[in-house]
Amino acid sequence: MPVLRSIRERFASERPLAGIRIGACLHVTAETAVLVRTLEAAGASVALCSANPLSTQDDVVAALGPVAFAQAGEAAPQLEPVLATEPQVTLDDGADLAVAMLDAEGLIGGTEETTSGLVGLRAIERSGRLKFPILAVNEAASERAFNDRFGTGQSALDGILRATNLLLAGQSLVVLGYGTTGRGIALRARGAGATVIVCEVDPMRALEARMEGFDVLPALDAAERGDVFVTVTGNRDVLRREHFERMKDGAILANAGHFDVEISLPDLGDACRKVLPLVDEYIVGERRLNLLARGRVVNLAAGEGHPAAVMDVSFAIHALSVEELVRRAGELPPGVHPVPEAIDREVARLKLASLGVEIDSLTDVQQDYLTSWQRP
C-alpha cells in the first residue's frame, strides 16, 4: 500500500493528529490495519470495531491488539467499547458509528465510505439531527474509480466465483443498479464472456448502460432471462417475491451492496438447505434459487474484498480527510460535504508516483490561457 505508506511517513514527521481520538467502524481486514497504523503515526489514538461480521479477520484483530473490538461472525458491531473512548472523529462504512454519536458532544466530524451510509446520513441531515460535518469519501472521484469501478467490479465477481465455481462465460448476468460499482461489475462480467443485462430506475444511467452496449430491461423482464443476479443499488427489496417467481430454476442471487436488504430474504421463505458452504438453496414454488453468503456483501463475505491496491487509494482518502477535518475543526458546518478536490488530486498524484507514471504539466502560458477571458 505505497500511497498510505507515503502519507504515513509524512504523518510520522508532522504529527497532524496529535492527541485526537478516532473511532472507526470499518471492515476489519489487513488493509484496515494499515490505515489504523497510519493514523496512529499521525499522533491519534484509534478504537476500531467491525462494520461486517463476515469480513472480520481474527488474525488482524489479534495483531492490532487492544485497539480492535471485533470477532468474525459476531452478531453486531461492538460499538460500545469504541464509543467509550469518546471519539472526536468517526470513520464509517455504513454510518453505524456516526448514527450512534448523533447526540455526542465534542465531535469534530467524520468520514463515510458507502453509498448506503451516505443515504442514511443525508436523511438525518434533512431532519436537522446531524450536528457535525461528514466528508463523503464514497463520492470522491478517486474513490469512485478505484473502489467502486475497479475494486467492487472485480471483487464481487471473485466472490461469486469462489462461492459457486461457476463458469461466467455463456451465462446471462443481471446487474441491478448501474452506478459506478454496477458499471464495473457489468464491464468485467462481459469481459469474462457473460451476456449482461442492466436494470435501472435512473434514465440517465439506463441510457449510459444502453450506449455502452448492454441490454437494459425492467427487473421483472430480466428475472426471466437471468442466470446470475447481482444487486448493487444501496436500496432495499430490489429482488423480491414477484421477481423470484419468474426466475429460472437454479438461478444464483448475490448482493454487492453494503447491507443485506437488497435481496428480500423474507420473500425467499423458509424452505432452505445449504448446498455449499456459502450457498443456500431456497425453494420458491417449483424453483430452486441459490442465495450467496446469506445476502451479505458478496465480495467480502465470499471473497477477500478489494485488493490492497484498491484499498490503498480508498484509505488514503480517509486519512487525508481526517487530517482535513482536524485542520478545519469548527469551520465546516454540520452536514454531508464533498471531499476537497485537492485531496483527490493528491491521492491520484501519489498513486501515479507509486506506479512510476509521470504526466505533463501546464506551461505558464497555458495556465494563463485557462484563467483568462482573453482569447486569440
Side-chain angles (χ1 to χ4, degrees), residues 52-55 72-76 116 152 155-178 181-182 185-186 189 192-201 215-303 305:
N52 188 316
L54 298 181
S55 65
E74 62 194 358
S116 299
T152 307
S155 62
L157 295 183
D158 175 56
I160 292 169
L161 298 181
R162 290 190 190 208
T164 63
N165 198 29
L166 180 74
L167 177 66
L168 278 179
Q171 302 288 332
S172 291
L173 185 141
V174 178
V175 179
L176 296 108
Y178 199 72
T181 306
I185 294 171
T195 298
V196 178
I197 301 167
V198 170
C199 303
E200 251 298 344
V201 296
D215 286 342
V216 178
L217 293 174
L220 282 174
D221 294 337
E224 299 175 350
R225 291 177 49 182
D227 301 304
V228 182
F229 296 81
V230 186
T231 57
V232 57
T233 68
N235 210 333
R236 64 172 303 130
D237 301 332
V238 180
L239 289 177
R240 49 193 183 272
R241 183 80 186 191
E242 60 195 277
H243 303 103
F244 302 148
E245 291 175 345
R246 294 194 181 193
M247 289 181 181
K248 299 176 183 178
D249 181 39
I252 294 170
L253 313 176
N255 170 44
H258 181 75
F259 293 116
D260 58 348
V261 297
E262 301 208 15
I263 300 170
S264 177
L265 303 186
D267 284 357
L268 282 171
D270 299 321
C272 170
R273 70 186 183 101
K274 188 172 292 295
V275 294
L276 287 171
L278 291 167
V279 182
D280 294 321
E281 179 188 86
Y282 287 83
I283 305 300
V284 180
E286 298 180 355
R287 295 166 174 79
R288 294 168 297 175
L289 304 180
N290 297 291
L291 177 69
L292 305 190
R294 301 190 307 225
R296 294 274 191 173
V297 56
V298 71
N299 61 326
L300 282 160

- request: Please tell me if the side chains of Arg225 and Asp215 come closer than 4.5 Å, counting only heavy atoms from C-beta onward.
  value: yes
- prompt: Charged N to carboxylate O under 4.0 angstrom, Lys274 versus Asp280?
  reply: yes
message: Distance check, rounded to the nearest 0.5 Å: Asn52 atom CG versus Arg296 atom CZ?
response: 5.0 Å
query: Looking at side-chain heavy atoms only, is the closest gap between Leu291 and Leu265 below 4.5 Å?
result: yes
- prompt: For the residue pair Val298 and Ala156, what are the closest heavy atoms and their distance?
  reply: CG1-O, 3.8 Å
task: Enter the distance from Arg236:CZ to Ser116:OG here, rounded to the nearest 0.5 Å.
output: 11.5 Å
query: Under a 4.5 Å cut-off applied to non-hydrogen side-chain atoms, are Met247 and Leu239 in contact?
result: yes
message: Quick check against the 3.5 Å criterion: does Glu262 have a side-chain atom that pairs as donor or acceptor with the backbone of Thr233?
response: yes
field: Distance in Å, Leu166 CG paired with Leu292 CG, rounded so as to fall on 0.5 Å steps
entry: 9.5 Å
field: Lys/Arg-Asp/Glu bridge criterion (N-O < 4.0 Å) met for Lys248, Asp227
entry: yes
- request: Find out whether Leu253 and Leu268 are in side-chain contact, i.e. whether some heavy atom of one side chain is under 4.5 Å from a heavy atom of the other.
  value: yes
task: Give a yes or no on this: more than 12 heavy atoms of other residues, nucleotides or ligands lie within 6.0 Å of atom CZ of Arg288.
output: no
message: Let me confirm one number: the OG1-CD1 distance from Thr231 to Ile263, rounded to the nearest 0.5 Å.
response: 4.5 Å
Spatial distance of atom CD1 (Ile185) from atom OG1 (Thr152) [nearest 0.5 Å]: 6.5 Å
- line: Heavy atoms of Gly303 and Arg162 approach each other most closely as CA-CD, 4.0 Å
query: Does atom CG of Asp249 have more than 12 heavy-atom neighbours from other groups under 6.0 Å away?
result: yes
query: What is the minimum heavy-atom distance between Val174 and Cys199, and which atoms define it?
result: CG1-SG, 3.7 Å
message: Could you check whether any side-chain heavy atom of Leu157 comes within less than 4.5 Å of a side-chain heavy atom of Leu173, counting everything from C-beta outward?
response: yes
- prompt: Are any of the side-chain heavy atoms of His243 and Phe229 separated by less than 4.5 Å?
  reply: no
task: Taking all heavy atoms of Glu281 and all of Asn290, pick out the closest pair and write down the distance.
output: CB-OD1, 3.7 Å
- prompt: Less than 4.0 Å between a side-chain N and a carboxylate O, is that true for Glu245 and Arg241?
  reply: yes
query: Of the non-hydrogen atoms in Ala302 and Ala163, which two are nearest, and what is the gap between them?
result: CB-CB, 4.1 Å
message: With a 4.5 Å cut-off on side-chain heavy atoms, are Asn299 and Asp158 touching?
response: no
statement: Note: Gly182 and Val232 closest approach over all heavy atoms is CA-CG1, 3.7 Å
- prompt: Do Arg294 and Asp260 come close enough that some side-chain heavy atom pair is under 4.5 Å?
  reply: no
query: To the nearest 0.5 Å, how far apart are CG in Asp270 and CD1 in Ile283?
result: 12.5 Å
